[in-house]
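Let me begin by presenting the structure, written as structure tokens, before commenting on it.
The shown structure was predicted, so the numbers you read here are calculated from the model rather than taken from an experiment. Values below: all heavy atoms of this structure, side chains included; hydrogens, waters and symmetry mates excluded. Below, chains carry the letters A, B, ... as their sequence lines are ordered, and counting in each starts from 1.
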Amino acid sequence: MFLPLSAGRRAYPGLPWATLAILLVNGAAFAWEAWLLLGGGGSALPTFIQVWGFTPQAVLAQQGGRALTAFTSMYLHGSPGHIFFNLLFLWVFAPLVEELTGAWRFLAFYHLTGLLGAALTLLLDGSSASPHIGASGAVAGVLGAFLLLYPGQRVRTLIFIGLPLWPRLPAWLLLGAWLVDQAALGQMVLNVGGNYTGIGVWAHLGGFAGGLALVTLFLRPDVLFNRRGAV
Amino acid sequence: MAAEASANPEAAELLQLGIAAYRAGDRRRARQLLTAATQRDPRLEQAWLWLSAAHDDLEFRRICLQKVLALNPRNADARRGLQILDGAPPPRVSVFSPPPAGSAAPPAAEPPPRPPAATMRARPSEPILPHCPWCGAEFTRRAQDRCPRCAKPLEVDCPACERPVPLEAESCVHCGQAVGRFFADREGYLSRLGEAYFAQNWVDQALAMYALLLEMAPAKELYHRRTAQLYGQIGDTVASINAYRRVLELSLDDPEALTQLARWYLILHQAPELKEIGQRLRALKQRSPKLTAMLGDIEYELEHYKAAEPIYRELVQRRDLDPETRVRLHFRLGEMARERGDPAGAVRAYSAAVGLGVDGHEAKLAQSRLDALRPPLPEQALRSYGETLRAMVGPVLLVWLTAGLQIGFEMRRLTGVGLVGLVLTVLGSYLLACALVTPQTLEWREALGPAGLNQPVAKTLAAVVGGGLAATALFLVLFGM
């Protein structure tokens with residue numbers, strides 16, 4: 001198991017406010033879910049997730065919110081661990097990507113990769129009747145973008161191999177390992193013929209591939225034309 | 001010698017004025033102005049050259065000429081001047097010792113000027129005529145109880161009780177101590193007179209007075225300080241530095257002396273002296289922001305970047321720094337980051353320097369460094385349609401993919417309203433791209449004139465309409481199919 005802790009500082013001063021806004025909305029949505037769980041009775045939260053989560057079978061059957069749920073599901077999470085890991089990855093990697101895209105383009109990019117994750121889920125796991133929730137598709141898009149933009153960047157990573165270690169690993173190694181892990185998981189799902197893992201592997205792979213392929217379209221012009229080294 | 005252009009317009013103007021003063025024969029004024037020019041812009045080669053001609057001290061001339069050669073090794077005037085200096089008898093003392101009386105002729109072709117300090121340091125002829133201790137005006141007759149110029153009562157402090165006694169009194173009116181007319185407290189009277197001259201900016205008279213006072217009380221810090229300030233005013237740097245060093249001998253932590261000496265040693269790149277001042281500054285228990293900045297500058301000058309950086313970082317957090325100093329600190333932080341191979345840190349610091357909006361040499365330099373690290377967008381990129389298309393892709397893909405998900409990627413489910421939404425997306429994203437991302441596309445330039453979409457109304461209008469169309473398109477796709 002590994003946890004990224006820091007991917008380095010931004011070159012320009014100022015806050016990554018698009019990233020912060022996404023974190024805030026995710027946090028608010030999770031607080032709402034917690035309120036539903038604690039104060040709304042036993043069925044309030046499952047119903048809420050059923051309505052606003054992305055359910056491929058319902059989309060194909062043209063039921064429910066359809067594409068709208070692809071957006072709303074990006075802000076819903078199933079457990080504290082789920083939201084913590086997604087937002088940790090987002091907080092570590094997104095500010096540096098946002099720096100090269102600008103806030104508005106980053107918002108568009110983030111949602112587009114989330115949609116791509118949902119689209120791949122729809123295409124490869126269309127029979128799934130359970131709602132898919134989580135920011136992981138969009139976050140995977142950010143990881144893909146990071147791998148393309150900062151392949152050599154050293155990322156402080158917490159690793160548990162018996163003892164906790166926190167080396168600074170190159171991004172290509174860290175994200176490459178993550179991608180291999182996800183690809184293996186996808187292959188296993190294909191072999192089994194159904195996704196029983198509880199992990200949105202297609203959203204991850206779709207988002208990651210989308211981020212890798214599309215981030216160039218979202219870079220600020222000065223970055224695209226003049227980017228050198230780490231800057 | 002023609003005056004060169006400086007990045008600092010103030011320095012360039014001072015240089016011109018200094019040259020004019022020199023040509024008019026006012027060497028003292030020339031020194032003042034040229035010294036100020038070198039302080040504003042230490043890279044102003046011509047200012048150093050003219051300053052060398054305007055100065056009398058051979059060692060200082062040598063330093064000025066060496067500065068010129070450091071800035072421009074091909075400067076023939078400076079080379080010739082140094083050659084002449086090398087042929088002249090060596091100076092007997094260093095720049096930091098008192099200048100030799102009756103110095104040798106200056107190296108350049110100019111005739112040796114009358115050393116202004118010589119007359120200033122001359123002891124006034126005895127007996128000193130009574131002057132107003134408040135404004136320095138000379139009395140026409142003694143029996144006056146008020147100064148004819150400033151109308152203040154003519155008094156000196158009683159040496160016993162330190163209360164004011166009329167100049168004409170034989171004994172103190174308060175305690176009865178015999179004062180023997182006003183010369184009883186000769187030093188007190190002369191000191192007050194010196195202060196009066198100083199306040200009136202009568203430099204010659206004030207210098208003469210303090211020279212006399214220093215003979216009477218060589219360990220009095222104030223007299224050395226005033227002497228240093230007065231020599232500083234007339235641009236006699238060597239004498240000013242020497243006087244400040246006396247101040248520092250008498251008062252180890254004197255902030256003014258430390259600041260002034262550090263400033264000069266920084267300009268003259270005197271590493272050993274800078275080290276000494278740096279040690280004194282570091283030893284201070286409490287430092288004002290100015291002294292802290294000076295310590296940072298010294299560490300920076302000595303290339304002790306590890307020591308300079310935390311000082312600068314601490315200083316830029318302060319709110320009471322003036323913008324020019326802040327720009328300088330950020331710029332230098334950028335230089336240090338670049339030096340240690342941290343381009344991201346350098347960009348961050350240079351951006352902060354440029355972001356302050358101060359139009360100075362360091363801000364321009366920071367911008368040029370930024371341009372080198374992250375060059376500005378090439379003109380063809382701004383003009384090309386490719387950039388507009390690239391900017392359009394994001395919103396278009398977002399809405400179209402949403403539409404695809406909405407209909408489960410089955411084209412037969414696409415409705416007319418949805419189709420309108422897809423078309424509107426293209427139009428809206430085009431307007432957004434032109435307004436926010438690629439404002440200089442050819443067709444917009446043609447439509448709106450040379451300013452293109454930099455016209456605020458057109459830009460805002462395009463952004464609002466484009467954003468509105470894109471939002472409408474998304475709404476139609478989500479709720480119209």
Turns out that what part of Leu122(A) lies under 4.5 Å from chain B's heavy atoms comes down to side chain
Under 4.5 Å to a heavy atom of chain B? For Ala70(A) that would be side chain
Heavy atoms of Ala119(A) and Phe409(B) approach each other most closely as CB-CZ, 3.8 Å
Expected contact set for residues 131-140 of chain A against chain B at heavy-atom separation under 4.5 Å reads none
**Request:** Determine whether more than 12 heavy atoms belonging to other residues, nucleotides or ligands lie under 6.0 Å from atom CH2 of Trp178(A).
**Result:** yes
Turns out that what part of Phe479(B) lies under 4.5 Å from chain A's heavy atoms comes down to side chain
Practice item. May I ask you to test the Thr402(B)-Phe71(A) pair for a side-chain heavy-atom distance under 4.5 Å? Key: yes
Heaviest contributor of heavy-atom pairs below 4.5 Å to chain B, chosen from Thr69(A), Leu214(A), Leu123(A), Leu68(A), is Leu68(A)
Okay, Met392(B) and chain A: the region with an atom under 4.5 Å from a heavy atom over there is neither
Tested for side chain to side chain contact (heavy atoms under 4.5 Å, CB included) against Leu112(A), the lone hit among Val393(B), Leu397(B), Val399(B) is Leu397(B)
If one checks every heavy atom of Phe109(A) against chain B at 4.5 Å, the contacting part turns out to be neither
Closest non-hydrogen contact found for Val59(A) with Leu405(B) is CG1-O, 3.1 Å
Using modelled atom types and a 3.5 Å cut-off, is there a donor and acceptor pairing between side-chain atoms of Gln62(A) and backbone atoms of Gln406(B)? yes
- Query: Should we count CH2 of Trp17(A) as having more than 12 external heavy atoms under 6.0 Å?
  - Reply: yes
Note to self: Using a 3.5 Å distance criterion without hydrogens, assess whether the side chain of Arg66(A) forms a donor-acceptor pair with backbone atoms of Leu478(B).
What the structure shows: no
One should read off an interatomic distance between Arg390(B) CZ and Leu219(A) CG, to the nearest 0.5 angstrom, of 6.0 Å
